[in-house]
Amino acid sequence: MPELPEVETVRRGLEPALKGHALARVTVRRGDLRVAFPLRFAERLADRHVVRVHRRAKYLLLDLENGETLIMHLGMSGRFTIHGANAAVKPGRFHLNTPEDGSGNGKHDHVVFETEEGTRIVFTDHRRFGLMALENTTTLDRAPMFLGLGPEPLDDSFTPATLSSALKGKRTPIKAALLDQHVVAGLGNIYVCEALFRARISPKRLAKSVQAERASRLVPAIKAVLAAAIKAGGSSLRDYARADGELGYFQHHFAVYDREGKPCPGKDCKGKIKRIMQSGRSTFYCPSCQH
Ligand SMILES: [Zn+2]
């Protein structure tokens with residue numbers, strides 16, 4: 001599943017093709033993805049100018065000049081490709097083993113956006129866990145998917161103080177707490193493992209005990225692993241599944257994720273990376289230097 005850095009990479013790819021441009025035509029090839037498309041979806045988007053391309057958690061947001069926001073989620077396998085006038089722009093592609101000729105007529109090409117300049121942006125999603133919705137821009141925070149969502153990890157508002165306050169009294173392991181979208185938005189399994197390693201905090205530690213000095217290590221660690229992945233252009237997702245069903249990420253070096261049995265990359269640490277199951281997901285960590 002694409003994580004926050006991948007979604008941010010897609011956002012950066014889409015922005016130059018869409019911001020300031022009008023959607024001349026939108027073609028929707030089916031009635032639903034994970035849920036039904038909004039009523040008269042294509043019609044409501046046609047001729048609208050895109051004024052802003054932003055992101056909240058793992059949702060891509062296109063603010064339109066008529067006061068509505070198009071909300072898009074990549075789900076498990078959603079991806080965008082750009083063809084035509086702005087084809088040089090690459091929107092952080094997620095490679096899957098599906099043929100693609102740029103026509104937008106592929107079996108899994110479900111939505112095609114065409115701008116007035118003739119740029120074609122194709123949304124392809126062979127598993128159809130993606131989502132598209134329309135909400136009023138001014139009340140976006142109250143839309144069902146954003147209600148109660150925690151702070152953006154890369155925002156200045158996400159600080160050791162806000163994190164330790166969100167963790168107060170929580171008796172779950174810190175790993176599970178960081179995956180809780182009310183605590184912090186958009187973090188997934190991979191980057192939580194990586195951030196805990198960087199902060200030298202055990203994934204099994206009770207969340208409520210991550211206060212003061214530990215929170216001061218964890219928050220910069222979260223920001224740093226996300227920033228590094230975004231800088232690397234997001235890791236490319238390939239359509240292969242590990243034994244536990246987790247999708248693999250290529251072209252990105254992880255310190256602990258998917259490195260069971262390998263030597264710990266920590267300075268002066270002789271430990272080996274261990275894999276445990278927590279809430280049904282794999283956790284990778286170094287028992288020697290994460291406490
Ligand atoms: Zn170690």
Side-chain angles (χ1 to χ4, degrees), residues 1-6 8 150 153-154 158-164 166-168 170-181 183-238 240-291:
M1 185 178 289
E3 291 208 22
L4 188 149
E6 286 75 24
E8 177 59 21
L154 290 168
F158 180 60
T159 64
T162 57
L163 178 65
S164 46
L167 296 176
K168 270 215 177 80
K170 273 199 185 293
R171 302 193 57 84
T172 55
I174 184 65
K175 162 87 188 297
L178 292 178
L179 289 173
D180 176 353
Q181 301 297 299
V183 171
V184 53
L187 282 190
N189 199 38
I190 295 176
Y191 295 102
V192 166
C193 292
E194 293 293 298
L196 287 170
F197 170 74
R198 189 183 273 247
R200 304 188 310 282
I201 293 172
S202 168
K204 297 192 284 189
R205 171 173 282 283
L206 279 187
K208 63 174 190 168
S209 73
V210 177
Q211 299 289 327
E213 193 262 335
R214 286 191 193 101
S216 299
R217 285 206 311 264
L218 185 52
V219 167
I222 290 168
K223 291 176 190 280
V225 295
L226 293 175
I230 291 167
K231 198 170 169 217
S235 43
S236 290
L237 173 66
R238 303 231 185 203
Y240 92 103
R242 288 205 332 247
D244 62 1
E246 188 100 53
L247 281 166
Y249 283 60
F250 285 167
Q251 299 175 359
H252 194 69
H253 293 290
F254 298 116
V256 290
Y257 186 80
D258 209 12
R259 290 177 53 83
E260 184 180 12
K262 302 253 169 60
C264 171
K267 198 168 172 281
D268 301 325
C269 181
K270 302 264 189 293
K272 273 202 168 76
I273 306 307
K274 192 175 171 189
R275 180 171 78 105
I276 55 170
M277 293 304 282
Q278 286 182 298
S279 325
R281 314 282 308 271
S282 288
T283 298
F284 297 89
Y285 76 112
C286 173
S288 302
C289 61
Q290 290 179 248
H291 300 288

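Numbering of ligands and ligand atoms starts at 1, following listing order.
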Student: May I ask you to say whether Asp258 pairs ionically with Arg275, meaning some side-chain N is under 4.0 Å from a carboxylate O?
Tutor: no

Student: Give me the protein N, O or S atoms that fall under 2.8 Å of the Zn ion (ligand 1), sorted by chain and residue number.
Tutor: Cys264 SG, Cys269 SG, Cys286 SG, Cys289 SG

Student: Check whether any side-chain heavy atom of Leu167 sits under 4.5 Å from a side-chain heavy atom of Ile174, and report yes or no.
Tutor: yes

Student: For Phe158, is there any backbone N or O sitting under 3.5 Å from a side-chain donor or acceptor partner on Lys223?
Tutor: yes

Student: Give a yes or no on whether the backbone of Cys286 and the side-chain of Gln290 come within a donor-acceptor separation of less than 3.5 Å.
Tutor: yes

Student: Taking 4.0 angstrom as the limit, do Glu213 and Arg217 come out as a salt bridge?
Tutor: yes

Student: For Gly186, is there any backbone N or O sitting under 3.5 Å from a side-chain donor or acceptor partner on Gln181?
Tutor: yes

